[in-house]
Amino acid sequence: MNRNVSSALHAEASQHLVGGVNSPVRAFKSVHGDPIYVKDAQGAVITDADDNTLVDFVQSWGPLIHGHAHPSVLNAVTKTMARGTSYGAPHIGEIRLARKVKAIFPMMDLVRFVSSGTEAVMSAIRLARGCTGRDTVLKFEGCYHGHVDALMVNAGSGLATFGIASSPGIPASTVATTVVASLDDEDMVDHIFAEHGEDLAAVVIEPMPANNGLLVQREAFLQHLRKRCDEHGSLLIFDEVITGFRFIEGGITGHVGVTPDLVALGKVIGGGLPVGAYGGPAHLMEHLAPLGPVYQAGTLSGNPLAMAAGCATLDLLDDEAHAHLEGLGTLLEDLAKPMLARHGHPMRLVRQASLFWFSPGPDAPPRRSDLIPSTAGVLYADVHQGLLERGYMLAPSAYEVGFLSTAHEAHHIEGFVAALDDVLTTLEVAQ
Ligand SMILES: *Cc1c(COP(=O)(O)O)cnc(C)c1O
């Protein structure tokens, strides 16, 4: 597959943009070759700058649950755009999207729209701190919450210590407000609550971590967090930026019977335009300005085009759409699982609703990030390249999940599994 134009564009982009990209993982650092430049994208398929077509399982990293350029989404945006692109004043589109979000997340009395998932989580943390008058937050190793300073913290050594910054530029004083626990470990959570419970403003978790593999949590673990938060007056924040709207019940919040205090949303909620949101019960959300003292604002918050794209996306997400996604997911499992078992590579399929991940170990899929073998990327880089050559695009990192959309059809899944089978066979011959 010729990718000369993409490579030339990447060389040019690298003169102007840091590493040629505006978000690091797009740079293909952990897989082979240069990033692929997109020229056009329709439904499940991307056309690159060299006119190759690729079945896309990245789907802009999650927002496009109906695929690229869905006519209803385009139509909603176009119609809205003719009446202006931004007002900096209230408009009916905000009410429409808020109503839909509340119908899907009934724990929300009030919603605040922002422009990214990062902003949603960051603001939810500030609100939790403002409501409780406490500074410390508990997060989990292996969860990603965007590039929020206080959450770009990894576990340090030893049990229940404050963490270490996962990037330079994060003040030690900020890191000192973050405690890091292991996922799937009630004892560690108890230990932390015993030590810091009275200082904890919030426990923040991806209830189904999907940015560092797909680390499906036990419901009992999430219930345990709820219980400890209640006992200590800490708020439980679910970061559903990636999982929100992907489950027929809405998010994990409805899927497992655990109700958080605040939920952060992003990705699907904007249907491919920049939207994030957070919401919860009135007694918490009313602490936010203009009703309360906790300040948070945004020039483009509630942007009319973004609200329109979000409304169109959620309107399309009916029972039939979820049934289609579930059918695709089941087909993927039915075809890929026996095929992967036959090859015997350390590669297992984990699938939840329209999210999937190839777990790079021989054992049962992990619930904690430290159980993902550190060699995960080696086989994946070859698989990723082999799939690109056969017309299938997975995320350029072994730790990222794949996304199914309603634009995918059975033949995309069948072709994908056949291509993966072929790639693995080729890799065996080469060994
Ligand atoms: C993507 C993601 C974020 C960050 O959202 P951005 O829109 O990229 O800022 C935060 N949390 C989770 C769980 C995510 O998947």
Side-chain angles (χ1 to χ4, degrees), residues 1 25 28 30-33 44-45 54-59 61-62 142 183-184 208-218 242-243 246 324-405 408-431:
M1 177 178 284
V25 72
F28 271 44
S30 54
V31 293
H32 306 300
V45 177
L54 296 158
V55 178
D56 180 19
F57 292 110
V58 183
Q59 294 293 334
W61 303 85
L183 288 162
D184 193 42
M208 184 177 290
N211 282 281
N212 200 328
L214 189 54
L215 308 172
V216 182
Q217 297 302 296
R218 288 174 295 113
I242 204 164
T243 47
R246 289 216 166 248
H324 179 68
L325 291 167
E326 188 59 28
L328 294 172
T330 307
L331 180 64
L332 177 61
E333 282 182 315
D334 289 350
L335 296 176
K337 282 190 168 170
M339 182 276 287
L340 291 171
R342 208 169 62 242
H343 281 284
H345 284 289
M347 203 172 163
R348 277 172 176 246
L349 177 69
V350 188
R351 197 273 303 183
Q352 292 284 322
S354 47
L355 305 172
F356 66 90
W357 180 57
F358 292 107
S359 170
D363 307 321
R367 297 187 192 280
R368 286 168 38 175
S369 56
D370 60 332
L371 301 178
I372 303 174
S374 58
T375 51
V378 182
L379 173 66
Y380 188 83
D382 292 340
V383 166
H384 182 263
Q385 172 168 267
L387 285 170
L388 279 182
E389 281 161 6
R390 289 161 180 79
Y392 295 88
M393 188 159 92
L394 287 181
S397 160
Y399 298 91
E400 304 286 348
V401 296
F403 298 92
L404 301 172
S405 77
H408 286 97
E409 289 168 32
H411 70 92
H412 295 124
I413 306 295
E414 288 153 8
F416 170 57
V417 176
L420 182 55
D421 190 359
D422 192 39
V423 172
L424 293 173
T425 304
T426 309
L427 291 175
E428 282 149 25
V429 172
Q431 267 171 6

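Please read these numbers as outputs of a predicted model, since none were measured by experiment.
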Of the non-hydrogen atoms in [X] and [Y], which two are nearest, and what is the gap between them?
X    : Y    : answer
S369 : G142 : OG-CA, 3.5 Å
W357 : E400 : CD1-O, 3.5 Å
P396 : Y380 : C-CE2, 4.4 Å
L371 : P366 : CB-CB, 3.8 Å
A381 : S30  : CB-O, 3.9 Å
E414 : L335 : CG-CD1, 3.8 Å

Gap between atom [atom2] of [Y] and atom [atom1] of [X] - 0.5 Å precision:
X    : Y    : atom1 : atom2 : result
R351 : L328 : CZ    : CG    : 9.5 Å
H408 : D56  : NE2   : CG    : 6.0 Å
L388 : M393 : CG    : CE    : 7.5 Å
L214 : N211 : CG    : CG    : 10.0 Å
L355 : R246 : CG    : CZ    : 5.5 Å
D184 : Q217 : CG    : CD    : 5.5 Å

Ignoring hydrogens and angles, tell me if any N or O in the side chain of R367 forms a donor-acceptor pair with the backbone of V216 under 3.5 Å.
-> yes
Worked verdict on L331 versus V417 for side chain to side chain contact (heavy atoms under 4.5 Å, CB included) | CA-CA 10 Å; L331 180 64; V417 176; over 6 Å; no
Might you work through the side chain to side chain contact (heavy atoms under 4.5 Å, CB included) test for L404 and Q59, ending with a clear yes or no?
-> CA-CA 8 Å; L404 301 172; Q59 294 293 334; over 6 Å; no
Keeping to residues at least two apart or across chains, list the salt bridge (Lys or Arg N to Asp or Glu O under 4.0 Å) pairs with something in residues 373-399.
-> R390-D422
Among residues two or more places apart or on two chains, list those pairs meeting salt bridge (Lys or Arg N to Asp or Glu O under 4.0 Å) that have a residue in residues 335-344.
-> E333-K337, R342-D421
Do F416 and L387 come within less than 4.5 Å of each other through their side chains, counting heavy atoms only?
-> yes
Can you say whether the rings of F57 and F356 are parallel (under 30°), tilted (30 to 60°) or perpendicular (over 60°)?
-> perpendicular
For side chain to side chain contact (heavy atoms under 4.5 Å, CB included), just list the numbers for L340 and H345, CA-CA rounded to whole Å, side-chain angles, deciding distance to a tenth of an Å, and then say yes or no.
-> CA-CA 7 Å; L340 291 171; H345 284 289; over 6 Å; no
Side chain to side chain contact (heavy atoms under 4.5 Å, CB included) assessment of V25 paired with Y399 | CA-CA 11 Å; V25 72; Y399 298 91; over 6 Å; no
Qualifying residue, where the test is side-chain contact (heavy atoms from CB on, under 4.5 Å) with F358 and the options are L394, V401, V383, L379 = L394
For this output row, return yes or no: ring centroids of H384 and F28 closer than 6.0 angstrom.
-> yes
